[in-house]
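First the structure, in the form of structure tokens, and then the observations on it.
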2 protein chains.
Amino acid sequence: MPITLKDLKETHQRIKPYIHNTPVLSSSLINEIAGAQLYFKCENFQKMGAFKMRGALNAVLQLSDEQKKRGVATHSSGNFAQALALSAKLQGIKAYIVMPENAPEVKKKAVKGYGGEIIECEANLEARETSLNKVVSETGATFLHPYNDYQVIQGQGTATMELIEEHDDLDYIIAPVGGGGLLSGTALAAYHFSPKTKVIAGEPFGADDVWQSLEKGELIPQTNPQTMADGLLTSLGDKTFPLIQELVEKIIRVEEDEIVTAMRLIWERMKLIVEPSSAVALAAILKEKEKFQGKKIGIILSGGNVDLGNLPF
Amino acid sequence: MPITLKDLKETHQRIKPYIHNTPVLSSSLINEIAGAQLYFKCENFQKMGAFKMRGALNAVLQLSDEQKKRGVATHSSGNFAQALALSAKLQGIKAYIVMPENAPEVKKKAVKGYGGEIIECEANLEARETSLNKVVSETGATFLHPYNDYQVIQGQGTATMELIEEHDDLDYIIAPVGGGGLLSGTALAAYHFSPKTKVIAGEPFGADDVWQSLEKGELIPQTNPQTMADGLLTSLGDKTFPLIQELVEKIIRVEEDEIVTAMRLIWERMKLIVEPSSAVALAAILKEKEKFQGKKIGIILSGGNVDLGNLPF
């Protein structure tokens, strides 16, 4: 494994002082509906509202003093942008965030709120990369990839380490999958700390590049994804794909209406605000109910950053 | 005091096996905004989604076997209806709930979901009381008042007991006030377990009978209340009023837009679903910020039963 048990332990020690050990919650009503015992790891309560804080912070904390002086840079319009901006702020360093000019105002505002400097670019991959390269060469900032980075993956794995500390007898852990940072971190943590626990991912049908990649045995990039789960639009990377291939039992694909149903259950029954991406994991369990009958299952609720003015119900 | 420290301890022991010891959460961002340290007791995570479960259950658990055979009855279109239905269900007894015929379908459905039998009546106080008396005389069910009842008040006080167990150095505890069951229970628990902690309530301007009653020194009934905080529409009772008069430092009144602002902060920043009534307590703190500068404050988030199709933002 490219990431050892010791790596994960050290990562957790490193980021622990700055992150929340988020609570694990249950709902007897949802357990009844699922016919299983579900333990929700509430990363929606994490600093800046998502698990991404763990990976971003781990990467930032490992920069040299020289690197810190020059700051960090990334391209993201999602939670990683905010996570990197906040991690940089906590360390008193600069964060340059390349965002497409059509990114929602609410997301730009959040990044600025955490002190990040936004560099706008046209909304296409080429413009993104050009802008990022320009920033990096002008400032000397260190580029941090939102998920295809071992430091980031290790950080994301710490959520599962904490979950296993509380519940060491899980049959399954389910996470949503987009670029695969959370999923590969989750799978690595289970592999090292609870080898009998199987890891499964939920993925929207409209963005099923991971399912396709595992079917074909090669990395299929995401093209024209269509899903409300806006955290799951990205392609796998060359670091996340092999880990998922090796460590993840299967991908369960879900329809958009199944995501809404699961999201509504979590909102109404657990009184938790989670983003659509987070609901994909519960939707996967409800999709293959028979498989999970009577099992103990950990679920990573990945985040809670949702636009209250634009809910799917 | 009509309720002793021993009464409260026994109440907590009695209901503990059936309720959640709900988590106490904080938000560094909201602390920054308030200039104080706030500890939110999350009764929105309580069974059936509100603190009302504590009082209803305590009252039901103290019925004689003979009374249990004949069931319980109340009139309520809010959280107490659901709490009593669920408490009765847990004890395997019948619950008759008198509800106005214009009560929202979602509330009727919730009561039925917990196994309660609904008796519909016209939407006025007289019809309510007539229907209730009829049910009680026909069935022999024991009437339980939603808040003007010492068993119910004691039950509500247990939320504050748990809060004080976790944080024994609070300067203030703030709760919303409607009929006064939660507030008088809160004040009693603080009086017995943390006498130096002052208790304050938040109340909507559009339903400020408690503020008026304290000003005049006599119980002024609520007339034509206008507020989105639908848990705070009721009048004080002859048991809750004297307790509040004696034990509560002051009532802070808040405007509707201040309730929305506070509710939005809790939703967006804490990722918690709370009902408007719950947000009234935070709104009160933000209203009188100077008073609370640098203080440690417990807040009772009373519940999370809100219609997702009808949000104020």
Side-chain angles (χ1 to χ4, degrees), chain A residues 18-30 32-33 40-51 53 79 82 86 89-90 106-107 109-110 113-114 166 260-261 263-275 278-279 301-313, chain B residues 18-30 32-33 40-51 53 79 82 86 89-90 106-107 109-110 113-114 166 260-261 263-275 278-279 301-313:
Chain A
Y18 307 97
I19 58 160
H20 297 307
N21 184 335
T22 54
V24 178
L25 300 179
S26 285
S27 158
S28 48
L29 187 123
I30 296 181
E32 233 171 79
I33 293 172
F40 295 84
K41 175 73 173 163
C42 293
E43 288 295 296
N44 57 327
F45 291 155
Q46 191 49 265
K47 290 240 168 106
M48 62 58 60
F51 75 90
M53 188 63 194
N79 283 329
Q82 297 179 49
L86 179 56
K89 187 185 175 193
L90 290 174
V106 57
K107 304 230 169 189
K109 226 179 109 187
Y114 292 125
E166 280 190 56
V260 176
T261 299
M263 185 168 161
R264 190 158 194 143
L265 268 178
I266 297 169
W267 282 53
E268 287 191 338
R269 295 303 171 160
M270 302 189 73
K271 311 299 176 191
L272 295 176
I273 293 181
V274 295
E275 52 195 56
S278 292
L301 286 181
S302 50
N305 291 333
V306 64
D307 181 356
L308 293 178
N310 187 18
L311 298 177
F313 37 71
Chain B
Y18 308 97
I19 57 160
H20 297 307
N21 184 335
T22 54
V24 178
L25 300 179
S26 285
S27 157
S28 48
L29 188 123
I30 296 180
E32 236 172 77
I33 292 172
F40 295 84
K41 175 71 173 164
C42 293
E43 287 296 295
N44 58 327
F45 291 155
Q46 190 49 267
K47 290 244 167 102
M48 64 56 61
F51 76 90
M53 189 61 195
N79 284 329
Q82 295 178 50
L86 179 55
K89 187 184 175 194
L90 291 174
V106 57
K107 303 230 168 188
K109 225 177 111 188
Y114 291 125
E166 279 191 56
V260 176
T261 301
M263 184 168 161
R264 191 160 192 140
L265 269 177
I266 298 169
W267 282 54
E268 287 191 340
R269 295 305 171 157
M270 302 188 72
K271 312 300 178 192
L272 294 176
I273 292 180
V274 295
E275 52 196 54
S278 292
L301 287 181
S302 50
N305 291 332
V306 64
D307 181 356
L308 293 178
N310 186 20
L311 297 176
F313 34 71

Item to check | Spacing of CG belonging to B:Leu308 relative to CE belonging to A:Met263, to within rounding of 0.5 Å | outcome: 9.0 Å
Item to check | Among A:Cys42, A:Gly309, A:Pro23, A:Gly304, residue most engaged with chain B (heavy-atom pairs, under 4.5 Å) | outcome: A:Gly304
Checklist outcome for this item: Given A:Asn44, A:Val306, A:Leu29, the one with more heavy-atom pairs under 4.5 angstrom with chain B than any other is A:Asn44
Checklist entry - How are the rings of B:Trp267 and A:Trp267 set to each other: parallel, tilted or perpendicular (split at 30° and 60°)? => result perpendicular
Next on the checklist: Using modelled atom types and a 3.5 Å cut-off, is there a donor and acceptor pairing between side-chain atoms of B:Lys271 and backbone atoms of A:Ile273?
Outcome noted: no
Checklist entry - Rounded to the nearest 0.5 Å, how far does OG of B:Ser28 lie from NE2 of A:His20? => result 5.5 Å
Item to check | chain A contact via B:Leu25 - side chain, backbone, both or neither, heavy atoms under 4.5 Å | outcome: side chain
Checklist entry - So what's closer than 4.5 Å to chain B heavy atoms on A:Leu311: side chain, backbone, both or neither? => result side chain
Item to check | Proximal component of B:Met270, with respect to chain A [non-hydrogen, under 4.5 Å] | outcome: backbone
